[in-house]
Number of protein chains: 2
Amino acid sequence: MATSDNSRQVLLERLQGSGLRPTPQRELVFQSLMAQRDHPTAEEVFARVKSQIPSISLATVYNCLETLVARGLVRSVNFERGPTRYCPNLHPHAHFHDEETGSTHDIDLPDGLLDQVKTILPPGYDASSVEIIFRGKAAQPAGDN
Amino acid sequence: MATSDNSRQVLLERLQGSGLRPTPQRELVFQSLMAQRDHPTAEEVFARVKSQIPSISLATVYNCLETLVARGLVRSVNFERGPTRYCPNLHPHAHFHDEETGSTHDIDLPDGLLDQVKTILPPGYDASSVEIIFRGKAAQPAGDN
DNA sequence: AGTGAGAATTAGAATTGTTCTAAAGTGATT
DNA sequence: AATCACTTTAGAACAATTCTAATTCTCACT
């Protein structure tokens with residue numbers, strides 16, 4: 001299949017380009033993600049790749065996933081590890097994570113924006129809530145956490 | 001102060017309305033969130049309320065927070081507890097969490113939507129990424145995870 | 001005021017997801 | 001073949017959260 005050869009090429013290039021080695025473990029973890037296009041957890045990836053490399057360890061799977069995410073080859077869905085945070089702001093708002101300070105700011109949403117965003121959902125999808133998270137730098141005097 | 005009396009009223013009503021008791025612990029946890037409008041973790045809330053009720057336990061803080069979130073009095077920022085998930089879809093897309101099945105679906109984004117959403121950021125905020133998460137029901141033949 | 005039932009709290013153990021550490025392996029380069 | 005950086009492995013450690021069992025509290029009803 002041409003597609004998987006392509007993505008393998010991309011993987012190899014990205015690794016080379018960062019001075020990282022194209023190890024069997026990295027290739028396999030990447031392949032397993034490309035092959036089954038769902039959203040597996042690290043444990044699930046671990047389970048899937050063990051049949052190919054029985055000696056692979058969970059720590060290696062975590063390492064490989066981290067590498068793939070860092071190289072932009074894969075996306076991680078739980079953007080922010082760490083403890084859940086609670087906010088008393090009940091107005092519809094988005095969150096901005098300042099990556100430098102680790103602080104979180106509330107961003108007010110214009111009226112109707114959430115409804116507008118919901119219109120991108122295909123028929124059959126009924127969203128009870130929408131969450132918008134920005135990440136980046138805020139040239140702002142801190143304050144929030 | 002009228003505001004905090006107001007929100008206290010709301011708290012009491014919401015609890016009553018669900019047959020829940022307005023305990024000192026629940027009131028205190030709620031108050032502490034209202035008083036300091038940042039995004040504390042459960043541990044931080046625990047630390048803050050201990051001075052008022054030294055006997056309070058961490059489990060109670062978690063319980064109270066869960067209750068407040070369930071009653072819509074407070075919002076939790078790490079929408080989905082549990083393990084991080086990984087997806088190989090590199091096209092800009094949102095995620096839809098099906099609350100019934102626990103599965104996650106990719107939602108394609110129309111061109112320019114992310115840029116458009118970014119325009120709501122006040123000056124000084126520079127977002128390197130935007131994450132959009134829907135939660136709700138999908139009347140869809142599953143498939144994704 | 002006393003009692004009983006259900007609700008809530010407490011302390012600590014257990015679980016889960018992730019990261020860390022130390023030792024061993026790999027492979028290109030001298 | 002010695003070296004050096006990178007990688008993997010196994011298991012311990014850690015952090016966040018949930019669970020459990022015992023106790024305490026609250027409140028409606030006598």
Side-chain angles (χ1 to χ4, degrees), chain A residues 11-12 14-32 39-71 73-74 76-86 102 104 145, chain B residues 11-12 14-32 39-71 73-74 76-86 102 104 145:
Chain A
L11 168 66
L12 298 184
R14 293 283 182 95
L15 290 178
Q16 300 283 358
S18 333
L20 299 171
R21 291 179 189 156
T23 66
Q25 288 86 345
R26 283 174 178 160
E27 277 203 50
L28 178 56
V29 166
F30 182 60
Q31 263 182 41
S32 90
H39 298 79
T41 64
E43 291 275 0
E44 284 164 353
V45 173
F46 181 47
R48 290 175 193 180
V49 299
K50 258 198 300 209
S51 56
Q52 317 293 322
I53 303 185
S55 68
I56 199 170
S57 81
L58 179 58
T60 298
V61 171
Y62 272 105
N63 288 342
C64 292
L65 289 170
E66 197 187 327
T67 300
L68 294 175
V69 170
R71 291 299 138 243
L73 290 156
V74 146
S76 86
V77 176
N78 249 6
F79 68 100
E80 190 75 43
R81 332 184 214 275
T84 301
R85 293 176 175 277
Y86 298 87
T104 299
N145 230 54
Chain B
L11 168 66
L12 298 183
R14 293 282 182 95
L15 291 177
Q16 300 282 357
S18 333
L20 299 172
R21 291 181 189 156
T23 66
Q25 288 86 346
R26 281 174 180 160
E27 277 202 50
L28 177 56
V29 166
F30 183 60
Q31 263 183 41
S32 88
H39 299 78
T41 65
E43 291 276 1
E44 284 165 353
V45 172
F46 182 46
R48 288 175 193 180
V49 298
K50 258 199 298 210
S51 55
Q52 319 290 321
I53 303 184
S55 69
I56 199 170
S57 81
L58 179 58
T60 299
V61 171
Y62 272 104
N63 289 341
C64 292
L65 289 170
E66 197 187 328
T67 301
L68 294 175
V69 170
R71 292 298 138 244
L73 290 155
V74 147
S76 85
V77 176
N78 247 6
F79 69 99
E80 190 74 42
R81 330 184 213 274
T84 301
R85 292 175 176 279
Y86 299 86
T104 299
N145 229 54

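Note that the structure is predicted; figures quoted are calculated from it, not measured. We name chains A, B, ... by the order of the sequence lines, and we start the count at 1 in each one.
For A/Thr41, there are no side-chain hydrogen bond (donor to acceptor under 3.5 Å, both in side chains) partners, not counting sequence neighbours.
Residue B/Leu15 holds its CG atom at 7.0 Å from CG of B/Leu73, rounded to the nearest 0.5 Å.
Put simply, CZ on A/Arg21 is 6 Å from C1' on D/dA5, counting in whole angstrom units. Between the CG atom of B/Leu15 and the P atom of D/dC25 there is a distance of 20 Å, given to the nearest Å. A/Ile53 places its CD1 atom 17 Å from the P atom of C/dG25, with the value rounded to the nearest Å. Taking atom CZ on B/Arg26 and atom C1' on D/dT26, their separation rounds to 12 Å, with Å as the unit. In this structure, the CD atom of B/Glu66 is 12 Å from the P atom of C/dT9, given to the nearest Å. What separates CD of A/Glu27 from C1' of D/dT8 is a distance of 16 Å, to the nearest Å. The CG-C1' distance, from A/Leu65 to C/dT19, rounds to 14 Å in whole Å. As a whole-Å value, the separation of A/Phe46 CZ from C/dG17 P is 14 Å.
A distance-only check finds no donor-acceptor pair linking the side chain of B/Arg71 to the backbone of B/Arg14 [under 3.5 Å]. B/Arg26 contributes a side-chain N or O that, together with a main-chain N or O of B/Arg21, makes up a donor-acceptor pair within less than 3.5 Å.
You'll find that the side chain of B/Asn63 is closest to C/dT9, out of C/dT26, C/dT9, C/dA7. Distance from the side chain of A/Ala59 is smallest for D/dT9 among the nucleotides D/dC25, D/dT9, D/dA5. Picking from D/dC6, D/dT8, D/dC27 the nucleotide with the shortest atom distance to the side chain of A/Gln25 gives D/dT8. For B/Ile56, whose side chain is taken as the heavy atoms from C-beta onward, the closest listed nucleotide among C/dT9, D/dT8, C/dT10 is C/dT10.
Residues A/Pro22 and A/Gln16 meet the side-chain proximity criterion, which asks for heavy atoms closer than 4.5 Å. Between A/Arg85 and B/Ser76 the shortest side-chain heavy-atom distance does not fall below 4.5 Å.
Under 4.0 angstrom from either OP1 or OP2 of C/dT9 there lies no side-chain N or O belonging to B/Ser57.
Note on A/Thr23: only backbone sugar-phosphate atoms sit closer than 4.0 angstrom, heavy atoms only; bases stay farther off.
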Residues 63-70 of chain B side chain polar contacts: donor-acceptor under 3.5 Å, at least two apart:
residue: B/Asn63; atom: ND2; partner: B/Ala59; partner atom: O; Å: 3.4
residue: B/Thr67; atom: OG1; partner: B/Asn63; partner atom: O; Å: 3.0

Report each atom pair, protein N/O against N/O of nucleotides 13-17 of chain D, whose distance is under 3.5 angstrom.
residue: D/dT17; atom: OP1; partner: A/Thr84; partner atom: N; Å: 2.9
residue: D/dT17; atom: OP1; partner: A/Thr84; partner atom: OG1; Å: 2.8
residue: D/dT17; atom: OP2; partner: B/Tyr62; partner atom: OH; Å: 2.5
residue: D/dT17; atom: O5'; partner: B/Tyr62; partner atom: OH; Å: 3.3

